[in-house]
Amino acid sequence: MTLFLTLLSGVAWTIVYIELIRNGFKYKTYAMPLFALGLNIAWEIIYSVNDLIISGNSSGIQGSVNLVWACFDIIIVYTYFKYGKKYFPERAKRYFVPFSILVFATCFAIQFAFYFSFEAIPAAQYSAFLQNAAMSILFLTMLFNRTSTAGQSVLMAFSKWIGTLAPTLLMGVLTDINSYIIICGVICCVFDIIYIIFLVKMKRLEKNSKGVSI
């Protein structure tokens, strides 16, 4: 069961990244909310370096996976800087780049706060589940704030839900009862399901209004 849930989460999140990249270029948008993207890429870079270089993990499997995901996120960051400015208020557009850089720096600072305050494994777990809770809320907020579902897909939304649910069950219930992981996992699950429901509804409305498949 441990191997199954680990593989399930890894495959699901890989699908999420591929969908975010594919739809980002297809619809000329960025498909992951800014703060979620910042926390995500910071986490992946920090813990891939930790696993592959600092701690000298014997297998290095998770570190290698984190590094691959970080490379995916770099592409998503590119789509953010390429297409994100149009989502900024007109009078704030000139601050797009410095504000974005500040956000990414802040996200790295937050992740380093976890990394230097806990041992590597609990730091990775606690920060990952907290950022996933924030990410689930931010995806739903982005869906409501934008005028269309461009860049978002039901496959991505479903994979994101499964990708977080699997490690919640593994680390919060099966390996050991961890109330922090369970609470964060439940928050993720609730908002992910709401996101899926509204995404499906909005895509149907767009399809009916335009008469084409989105």
Side-chain angles (χ1 to χ4, degrees), residues 3-52 60-84 87 100 103-104 107-108 110-111 124-125 127-143 146 148-171 184-185 188-189 191-193 195-196 199-200 203 214:
L3 178 60
F4 170 74
L5 290 174
T6 301
L7 290 174
L8 179 62
S9 178
V11 171
W13 271 106
T14 300
I15 293 172
V16 171
Y17 289 126
I18 292 173
E19 278 291 284
L20 290 172
I21 292 169
R22 184 183 70 84
N23 286 307
F25 284 110
K26 180 179 180 180
Y27 294 103
K28 292 181 170 50
T29 185
Y30 69 97
M32 182 182 287
L34 173 59
F35 278 90
L37 179 57
L39 290 170
N40 217 42
I41 193 170
W43 188 95
E44 286 155 357
I45 290 175
I46 290 170
Y47 293 103
S48 61
V49 170
N50 177 79
D51 290 353
L52 295 174
I61 294 176
Q62 186 59 55
S64 298
V65 171
N66 292 341
L67 183 59
V68 171
W69 286 346
C71 291
F72 284 146
D73 261 337
I74 288 173
I75 301 174
I76 299 173
V77 169
Y78 172 78
T79 63
Y80 169 78
F81 280 102
K82 184 174 179 62
Y83 304 119
Y87 296 102
S100 301
V103 169
F104 281 107
C107 290
F108 268 91
I110 291 171
Q111 294 294 11
Q125 291 178 334
S127 58
F129 277 95
L130 183 61
Q131 79 183 41
N132 270 286
M135 187 183 299
S136 295
I137 296 170
L138 289 169
F139 263 98
L140 184 61
T141 302
M142 185 175 71
L143 180 66
R146 289 189 176 179
S148 76
T149 63
Q152 309 298 297
S153 73
V154 176
L155 174 60
M156 180 278 295
F158 184 82
S159 298
K160 180 182 174 302
W161 171 46
I162 297 300
T164 305
L165 180 60
T168 298
L169 295 174
L170 176 60
M171 299 180 215
C184 287
C188 291
C189 189
F191 279 93
D192 284 346
I193 291 174
Y195 175 67
I196 292 171
L199 180 62
V200 170
K203 281 192 172 292
I214 296 177

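Note that these values count all heavy atoms, side chains included, but never hydrogens, waters or copies made by symmetry. Treat the numbers as computed from the prediction; the structure is a model and nothing was measured.
- For the pair Gln152 (side chain) and Ala31 (backbone), a donor-acceptor distance under 3.5 Å is present.
- A 6.0 Å sphere centred on OH of Tyr78 holds no more than 12 heavy atoms belonging to other residues, nucleotides or ligands.
- A donor-acceptor pair shorter than 3.5 Å can be found between the side chains of Ser127 and Trp43.
- Residues Ile15 and Met156 have side chains not in contact (no heavy-atom distance under 4.5 Å, counting atoms from C-beta outward).
- For the pair Phe108/Leu39, no side-chain contact is recorded, criterion being any heavy-atom separation below 4.5 Å from C-beta on.
- At least one donor-acceptor pair under 3.5 Å links the side chain of Thr164 to the backbone N or O of Lys160.
- Closest approach of Met135 to Ala36, counting heavy atoms only: CG-CB, 3.7 Å.
- Between the Glu19 side chain and the Leu155 main chain, no donor and acceptor come within less than 3.5 Å of each other.
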**OP:** May I have the step-by-step check of ring-ring contact (aromatic ring centres under 6.0 Å, His included) for Tyr87 and Tyr30, ending in yes or no?
**Re:** CA-CA 10 Å; Tyr87 296 102; Tyr30 69 97; 5.4 Å; yes
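- In this model, no donor atom of one side chain and acceptor atom of the other lie less than 3.5 Å apart for Ser136 and Tyr195.
- Cation-pi geometry between Arg22 and Phe72 is not met at under 6.0 angstrom from the ring centre and within 45 degrees of the axis.
- The main-chain N or O of Asp192 is never found under 3.5 Å from a side-chain atom of Trp161 such that the two would form a donor-acceptor pair.
- Checking side-chain atoms of Ser9 against main-chain N and O of Leu5 turns up no donor-acceptor pair under 3.5 Å.
- In this structure, Asn132 contributes its side chain and Ala128 its backbone to a donor-acceptor pair below 3.5 Å.
- Within the 4.5 Å cutoff, side-chain heavy atoms of Asp73 are placed close to those of Leu37.
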